[in-house]
Amino acid sequence: MSDLSNKVALITGAASGIGHAAAISLVKSGAKVALLDLIPENLEAVDKEIKELGGEALILEANIADPCSMSTAIDFIINKWGHLDIVFANAGINGRVSPIEHLAPEDWDKTMQINLKGTFLTIKYAVPHLKKNGGSIIITSSINGNRTYSSFGMSAYSTSKAGQVAFGKMAALELAKYKIRVNIICPGAIDTNIEENTFREEEKLKEIAIPVEYPEGSQPLAQKSGEPKQVADLVLFLSSDASSHITGTEIYIDGAESLL
Ligand code: NAD
């Protein structure tokens, strides 16, 4: 079902969490993977794991929000392997979590720069290469792009995640004639390191919190957060020919969290 032999995949945010798990899944299905993240040292463990599986990987240090950095990174992939077939535009941040009146304009800009502009740049520089043979693009949005349940203070994050859905749908329509599919995945809470780099203004958040019936992160299907591997399985499906007629969709992977 998921033979990705001879396919080359770019994965952004590959050093951690969902990106790491997706890299391993794609390698196990035969793909060569370009692992992109901000700090190359953080990619070494993933690279080692891939080598132990007999897979092939390339480490790319780049900031998805920087056009020059992304254009150079994608040229690097083409120079090494000659083609690009799968793009997992996954890197993102929660940013500062704060009531709107306390959210600094710079915090808003940072979240938009990374989550939204970074997704645009990743796809922009990949498209000329994907056009040659067709391909699959997967964008990691979030259930927060469409619902606000208990996510007090995440106005910038949620806006960026909703923007990714709109951008992904426009891209699906525009790129269909080149046999490039674009799908958007919307995870609920997944057990990764994302909270470690999140700046929550807990005291100020108390001002806007509304009592909710379920604790944050609760997922009816499993009573706990999802695992990165579960998201990686979806990425694998969307990367492969098993999803050959699926494009422009947003797929929730949240154990019914968004239905609370
Ligand atoms: P994570 O923090 O474990 O991994 C994210 C990776 O992205 C990190 O390695 C980080 O260094 C990298 N990154 C951040 N900014 C970057 C930049 N400017 N350039 C290049 N790399 C950058 O987080 P995760 O949970 O695996 O998140 C992956 C994606 O999933 C994000 O887009 C996030 O918004 C989304 N998401 C996560 C959850 C969750 O609960 N974990 C839920 C919904 C959506």
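Order of listing sets the numbers, starting from 1, for every ligand and every atom in it.
Salt bridge Glu227/Lys224: present, at least one basic N to carboxylate O contact under 4.0 Å. We find that Lys169 and Glu250 are joined by a salt bridge, their nearest charged nitrogen and carboxylate oxygen being less than 4.0 Å apart.
Ser69 and Asn63 form no side-chain donor-acceptor contact under 3.5 Å, judged by distance and modelled atom types alone. Counting only N and O atoms by type, the side chains of Ser225 and Asp191 include no donor and acceptor under 3.5 Å apart. Side chain to side chain, Lys110 and Gln113 fail the donor-acceptor criterion of an N or O pair below 3.5 Å.
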Once you restrict both partners to nitrogen or oxygen, which atoms of ligand 1 have a protein partner under 3.5 Å, and how far apart are they?
residue: ligand 1; atom: 3 (O); partner: Ser16; partner atom: OG; Å: 2.5
residue: ligand 1; atom: 3 (O); partner: Asn193; partner atom: N; Å: 3.3
residue: ligand 1; atom: 9 (O); partner: Asp37; partner atom: OD1; Å: 3.4
residue: ligand 1; atom: 9 (O); partner: Asp37; partner atom: OD2; Å: 2.7
residue: ligand 1; atom: 11 (O); partner: Asp37; partner atom: OD1; Å: 2.5
residue: ligand 1; atom: 18 (N); partner: Asn63; partner atom: OD1; Å: 2.8
residue: ligand 1; atom: 19 (N); partner: Ile64; partner atom: N; Å: 3.1
residue: ligand 1; atom: 25 (O); partner: Thr192; partner atom: OG1; Å: 2.6
residue: ligand 1; atom: 26 (O); partner: Ile18; partner atom: N; Å: 2.9
residue: ligand 1; atom: 32 (O); partner: Asn90; partner atom: O; Å: 2.8
residue: ligand 1; atom: 32 (O); partner: Lys161; partner atom: NZ; Å: 3.0
residue: ligand 1; atom: 34 (O); partner: Tyr157; partner atom: OH; Å: 2.9
residue: ligand 1; atom: 34 (O); partner: Lys161; partner atom: NZ; Å: 3.0
residue: ligand 1; atom: 40 (O); partner: Ile190; partner atom: N; Å: 2.8
residue: ligand 1; atom: 40 (O); partner: Ile190; partner atom: O; Å: 3.3
residue: ligand 1; atom: 41 (N); partner: Ile190; partner atom: O; Å: 3.1
residue: ligand 1; atom: 41 (N); partner: Thr192; partner atom: OG1; Å: 3.1

Report task. Could you walk me through whether Arg147 and Glu257 pass the salt bridge (Lys or Arg N to Asp or Glu O under 4.0 Å) test, one step at a time? Result -> CA-CA 10 Å; Arg147 74 80 154 118; Glu257 185 182 341; 3.1 Å; yes
